[in-house]
Protein chains: 2
Amino acid sequence: MDKQRCIERLEKKGVRVTSIRMLVLDALMRASRTMSLADLETELETVDKSSIFRTLEVFEANHLVHSIDDGTGSMKYEICEGEDSCTVADMHTHFYCEKCHKTYCLKEINAPLVDLPEGFTVHSVNYIIKGICSSCRE
Amino acid sequence: MDKQRCIERLEKKGVRVTSIRMLVLDALMRASRTMSLADLETELETVDKSSIFRTLEVFEANHLVHSIDDGTGSMKYEICEGEDSCTVADMHTHFYCEKCHKTYCLKEINAPLVDLPEGFTVHSVNYIIKGICSSCRE
DNA sequence: CTGCCTGCCGCAACCGGGTTGCATTTGTCC
DNA sequence: GGACAAATGCAACCCGGTTGCGGCAGGCAG
């Protein structure tokens with residue numbers, strides 16, 4: 001685990017450093033894709049799910065992670081790339097594979113933004129494509 | 001209630017006509033926006049939620065309605081416009097108001113479709129914008 | 001008409017993800 | 001060290017969705 005890097009990141013956002021926060025942050029940093037609360041629970045056997053849940057709350061409030069609802073019924077969490085907070089323009093596309101049930105981050109593809117009717121204010125955008133991923137179709 | 005219209009729609013899809021199916025279909029046809037299972041439960045006081053649930057399953061399987069996950073934790077249902085099944089190209093944008101908690105169908109705005117990396121097959125697209133709707137910002 | 005069979009429906013119980021209340025532990029500051 | 005605040009673990013709860021099962025209704029055969 002890259003202890004130093006975790007501590008830096010936490011301190012940079014003014015989040016108090018604790019052992020659990022290190023564990024959760026590290027797991028998310030190592031993950032190549034999004035993780036659900038259940039994923040984290042499995043990986044961090046010793047940690048209670050409510051602690052993970054509250055940790056994620058804190059992380060999200062401090063723009064360390066953002067959450068994605070991929071429509072599977074369980075929220076996915078992903079570490080924020082930029083050092084600063086994620087804006088609407090930064091939101092990227094996610095792809096949910098209906099076969100292997102993984103949610104991919106297509107970081108290189110920004111979520112498209114359509115024009116809204118008069119009077120609508122945008123806070124966030126959620127763009128999920130469902131289908132079969134490249135490794136599942138053989 | 002436009003009884004005749006309901007019967008037509010059901011028969012056209014080969015769905016057996018029952019009183020409950022009429023009620024659910026009618027409620028959805030009258031709705032100007034998406035409805036959740038809970039919304040339907042409230043509107044159709046006399047009908048059990050499991051019956052509504054199973055009715056919606058049948059409707060969805062027969063392309064009478066489609067479901068949208070707006071990220072609020074409760075699925076929304078919306079009557080299919082076209083007489084035939086909804087394709088990816090037909091999917092339109094939805095807008096969730098964080099103040100009044102309603103999900104709007106922006107029928108005139110098709111969901112954008114981005115290019116995916118090699119090997120990914122698209123089945124469906126979910127495009128939700130969250131923010132404040134025009135009637136909530138005064 | 002009668003009986004059978006299939007599908008629809010209501011009830012109650014269940015499930016899983018998320019959330020909360022509360023007591024305990026940990027950490028910080030003086 | 002002591003006091004106070006924050007973080008954590010545990011257990012219970014909540015809510016939307018889902019299922020098992022028994023009862024009912026409607027269509028069809030005899």
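Naming: A, B, ... by sequence-line order, numbering from 1 per chain. Just so you know, these numbers use all the heavy atoms, side chains as well, and skip hydrogens, waters and symmetry mates.
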Any pair counted as salt bridge (Lys or Arg N to Asp or Glu O under 4.0 Å), so long as it reaches residues 69-78 of chain B, sequence neighbours left out: B/Asp70-B/Lys76, B/Glu78-B/Lys107

Relative to the 5' end of DNA chain C, which residue comes earlier, B/Lys49 or B/Arg16, by the nucleotide with the nearest heavy atom? B/Arg16

Starting from P on D/dG16, measure out to OH on B/Tyr77 and report it in whole angstrom. 12 Å

Can you list the residues that meet the side-chain hydrogen bond (donor to acceptor under 3.5 Å, both in side chains) rule with B/Glu98, with sequence neighbours excluded? A/His123

Would you indicate what A/Ser74 reaches in the nucleic acid, counting non-hydrogen atoms under 4.0 angstrom: base, sugar-phosphate, or nothing? sugar-phosphate

Within residues 34-45 of chain B, those residues having any heavy atom closer than 4.0 Å to DNA chain C are none

Between C1' on C/dC8 and CG on B/Leu56, what's the gap in Å once rounded to a whole number? 15 Å

Write down the distance between CG (B/Asn62) and P (C/dG7), rounded to a whole number of angstrom. 14 Å

By ring pair (Phe, Tyr, Trp, His ring centres under 6.0 Å), A/Tyr77 pairs with (sequence neighbours left out) none

Residues passing the salt bridge (Lys or Arg N to Asp or Glu O under 4.0 Å) test with A/Lys130, sequence neighbours excluded, are none

Co-members of the apolar cluster containing B/Ile128 [side chain, <4.5 Å]: B/Ile68, B/Tyr96

Going by heavy atoms closer than 4.0 Å, what residues in residues 18-29 of chain B are next to DNA chain C? B/Thr18, B/Ile20, B/Arg21

Residues in side-chain contact (heavy atoms from CB on, under 4.5 Å) with A/Leu10, at least two apart? A/Val15, A/Val17, A/Arg21, A/Met22, A/Leu25, A/Phe59, A/Leu64

Pair up each side-chain donor or acceptor in residues 33-41 of chain B with any protein partner under 3.5 Å, not counting sequence neighbours, and list the distances.
residue: B/Thr34; atom: OG1; partner: B/Thr103; partner atom: O; Å: 3.3
residue: B/Ser36; atom: OG; partner: B/Ala38; partner atom: N; Å: 3.4
residue: B/Ser36; atom: OG; partner: B/Asp39; partner atom: N; Å: 3.0
residue: B/Ser36; atom: OG; partner: B/Asp39; partner atom: OD1; Å: 3.4
residue: B/Ser36; atom: OG; partner: B/Asp39; partner atom: OD2; Å: 3.2
residue: B/Asp39; atom: OD2; partner: B/Ser36; partner atom: N; Å: 2.9

Once base and sugar-phosphate atoms are separated, protein heavy atoms under 4.0 Å mark nucleotides 19-24 of chain D, 5' to 3', with B, S and - as BBB---

Checking all strands, does A/Val58 fall into the base, sugar-phosphate, or nothing category for heavy-atom contacts under 4.0 angstrom? nothing

A/Phe95 to B/Leu116 - nearest heavy-atom pair and separation: CE1-CD1, 3.8 Å

Could you work out, with salt bridge (Lys or Arg N to Asp or Glu O under 4.0 Å) as the rule, every residue matching B/Lys102, not counting sequence neighbours? none

Interatomic distance where CD belongs to B/Glu60 and C1' belongs to D/dG17 [whole Å]: 13 Å

Trace of the side-chain contact (heavy atoms from CB on, under 4.5 Å) decision for A/Ser135 with A/Cys100: CA-CA 9 Å; A/Ser135 33; A/Cys100 64; 5.7 Å; no

Can you tell me which residue pairs pass the salt bridge (Lys or Arg N to Asp or Glu O under 4.0 Å) test with a partner in residues 42-59 of chain B, sequence neighbours excluded? B/Arg30-B/Glu43

